[in-house]
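In what follows, a single structure is set out as structure tokens and then discussed.
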Amino acid sequence: MTQHHTVRIHNRQQGTQHELQVPNDRYILHCVENQGVDLPFSCRNGACTACAVRVVSGHLNQDEAMGLSPDLRRQGYALLCVSYAQSDLVVETQDEDEVYELQFGRHFGKGKVRAALPLEDD
Ligand code: FES
């Protein structure tokens with residue numbers, strides 16, 4: 001059964017706050033865009049981390065977020081393009097490339113990046 005949750009988004013780059021009703025059976029990013037709010041994105045399939053946010057409070061389901069390590073999920077990051085709201089949520093946008101750098105930054109130059117990137121099969 002579809003339930004609606006209140007999602008509050010702080011876009012830190014634009015200095016804007018948004019409060020929206022989002023159903024629990026649609027991707028959050030998609031719903032937010034449909035309501036006229038622009039957020040960063042690129043791949044739309046959970047791989048690139050462009051849409052990553054910090055979850056300040058609440059629960060979401062992001063089983064399809066292949067591009068986000070379990071560590072970073074535990075630290076409270078989420079990919080909105082493949083996330084479903086499970087409760088009311090408060091999220092804020094990441095710094096530019098924050099999640100990408102947390103995941104891959106320290107491995108650059110050590111030969112681990114290719115194995116970690118989920119982009120090889122295109
Ligand atoms: S837009 Fe690429 S992970 Fe969400």
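In each ligand, atom 1 is the first atom listed, and ligand 1 is the first ligand listed. Hydrogens, waters and symmetry mates are skipped; everything else that's a heavy atom, side chains included, is used.
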In terms of atom number and element, which parts of ligand 1 are under 4.0 angstrom from non-hydrogen atoms of [X]?
| X | answer |
| --- | --- |
| Ala47 | 3 (S) |
| Gly46 | 3 (S) |
| Arg44 | 1 (S), 2 (Fe) |

Q: Can you see which heavy atom on Gly58 is nearest to which on Ser87, and at what distance?
A: CA-OG, 3.3 Å
Using a heavy-atom cut-off of under 4.0 Å, does the side chain or the backbone of [X] touch ligand 1, or both, or neither?
| X | result |
| --- | --- |
| Thr49 | backbone |
| Cys43 | both |
| Ala65 | neither |

Can you see whether [X] engages [Y] through a side-chain donor-acceptor pair at a distance of less than 3.5 angstrom?
| X | Y | answer |
| --- | --- | --- |
| Tyr27 | Glu64 | yes |
| Thr16 | His18 | yes |
| Thr93 | Gln13 | yes |
| Glu19 | Thr6 | no |

Q: Could you tell me whether atom 4 (Fe) of ligand 1 has an N, O or S atom of Cys51 under 2.8 Å away?
A: yes
Q) Can you tell me if an N/O/S atom from Cys48 lies under 2.8 Å from atom 4 (Fe) of ligand 1? A) no
Q | Residue-ligand contact Ser42/ligand 1, heavy atom below 4.0 Å | A | yes
**Q.** Check ion pair Arg44-Glu33 (N to O, under 4.0 angstrom)
**A.** yes
**Q.** Asp95 bridged to Arg12 by N-O distance under 4.0 Å
**A.** yes
